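A short worksheet on the structure shown next.
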Amino acid sequence: QQKVQQSPESLIVPEGAMTSLNCTFSDSASQYFAWYRQHSGKAPKALMSIFSNGEKEEGRFTIHLNKASLHFSLHIRDSQPSDSALYLCAVSIGNNAGAKLTFGGGTRLTVRP
Amino acid sequence: EAAVTQSPRNKVTVTGGNVTLSCRQTNSHNYMYWYRQDTGHGLRLIHYSYGAGNLQIGDVPDGYKATRTTQEDFFLLLELASPSQTSLYFCASSDARASGNTLYFGEGSRLIVV
């Protein structure tokens, strides 16, 4: 069964800093990699996803994927207090709807003003 | 954006009690899911469905039943609730026509079993 681990468990950064969140997975057949963000008391919401090795940038957020290392990461440039949330990475073997997503345990990010 | 509505939002029941959590999505997505969220475990998949009458087993199904009655409605049933099922439950849906598997979550149902 797929195992997905996140590090660190929690992180405090000052406003304006670069934040890096890590996710490792166990199954080399994984094809779909995503990050979700969950503000306190709210539903998780999809942030970004990637299918192939390399990086993908959307605004202040960048995903890096290295399938050979079984690792992907999320980088947040110019972190803002509104970025404070629980960040969940998710991985699936398939890359279409219905492919079971396995989530990591989460990284709680706090951005200090 | 998909709208997923869960009820009840909060529920307290006794050990051995029956609980039904309801979920309705209004964007005609094929897939619906039930997850539980516990500190340190992230989200764990209980059951999911790709259409009315269909049910697929997730990763932590023990003690749970589910039923998909229509395209819109997916129910999670706890017939003999135990304290270990105290958790925050999320329903989600996804669109089979889209690439990838973006999940759209409801606001969650918090269940306490005493």
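So that the names make sense, note that chain A is the first sequence line, chain B the second, and so on, each numbered from 1. These figures come from a predicted structure and were not determined experimentally.
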Which residues in residues 13-22 of chain B have a heavy atom less than 4.5 Å from any heavy atom of chain A?
->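 The list, in residue order, is empty: none.
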Which residues share a ring-ring contact (aromatic ring centres under 6.0 Å, His included) with A/H75, sequence neighbours left out =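 Testing A/H75 for ring-ring contact (aromatic ring centres under 6.0 Å, His included), a comparison that skips the adjacent residues, returns A/H64.
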Check ring-ring contact (aromatic ring centres under 6.0 Å, His included) between A/Y32 and all other residues, then give those that pass, not counting sequence neighbours.
-> A/F51
Any link between B/M32 and B/L55 through a network of hydrophobic side chains (Ile, Leu, Val, Met, Phe, Trp, Tyr) touching at under 4.5 Å?
->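 Yes, because B/M32 and B/L55 connect within a single hydrophobic cluster, where side-chain heavy atoms sit under 4.5 Å apart.
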With a 6.0 Å cut-off (strictly less than), is the heavy-atom count around [atom1] of [X], excluding the residue itself, greater than 12?
{"X": "A/R108", "atom1": "CZ", "value": "no"}
{"X": "B/K11", "atom1": "NZ", "value": "no"}
{"X": "A/R60", "atom1": "CZ", "value": "yes"}

Given that the side chain runs from C-beta out, which part of [X] has a heavy atom under 4.5 Å from chain B: side chain, backbone, both or neither?
{"X": "A/L101", "value": "both"}
{"X": "A/Q38", "value": "side chain"}
{"X": "A/E9", "value": "neither"}

If you group Ile, Leu, Val, Met, Phe, Trp and Tyr whenever their side-chain heavy atoms sit less than 4.5 Å apart, what else falls in with A/I76?
-> A/V4, A/L11, A/V13, A/L21, A/F25, A/F33, A/W35, A/L47, A/M48, A/I50, A/F61, A/I63, A/L65, A/L70, A/F72, A/L74, A/Y87, A/V91, A/L109, A/V111
Looking at every heavy atom in both [X] and [Y], which two are closest together, and how far apart are they?
{"X": "B/G42", "Y": "A/L88", "answer": "CA-CD2, 4.1 Å"}
{"X": "A/A43", "Y": "B/G106", "answer": "CB-O, 3.0 Å"}
{"X": "A/P44", "Y": "B/F105", "answer": "O-CD1, 3.3 Å"}

Heavy-atom contact with chain A under 4.5 Å, split by part of [X]:
{"X": "B/Q37", "value": "side chain"}
{"X": "B/Y50", "value": "neither"}
{"X": "B/L103", "value": "both"}

To the nearest 0.5 Å, what is the distance between CG (B/N101) and CD (A/Q31)?
-> 12.0 Å
Would you give the length of the straight line joining atom CD of A/Q1 to atom CG of B/D59, rounded to the nearest 0.5 angstrom?
-> 4.5 Å
Using the ring-ring contact (aromatic ring centres under 6.0 Å, His included) rule, pick out the option among B/F90, B/Y33, B/Y35 that qualifies with A/F103.
->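 Going through B/F90, B/Y33, B/Y35 one by one, the ring-ring contact (aromatic ring centres under 6.0 Å, His included) with A/F103 is satisfied by B/Y35 alone.
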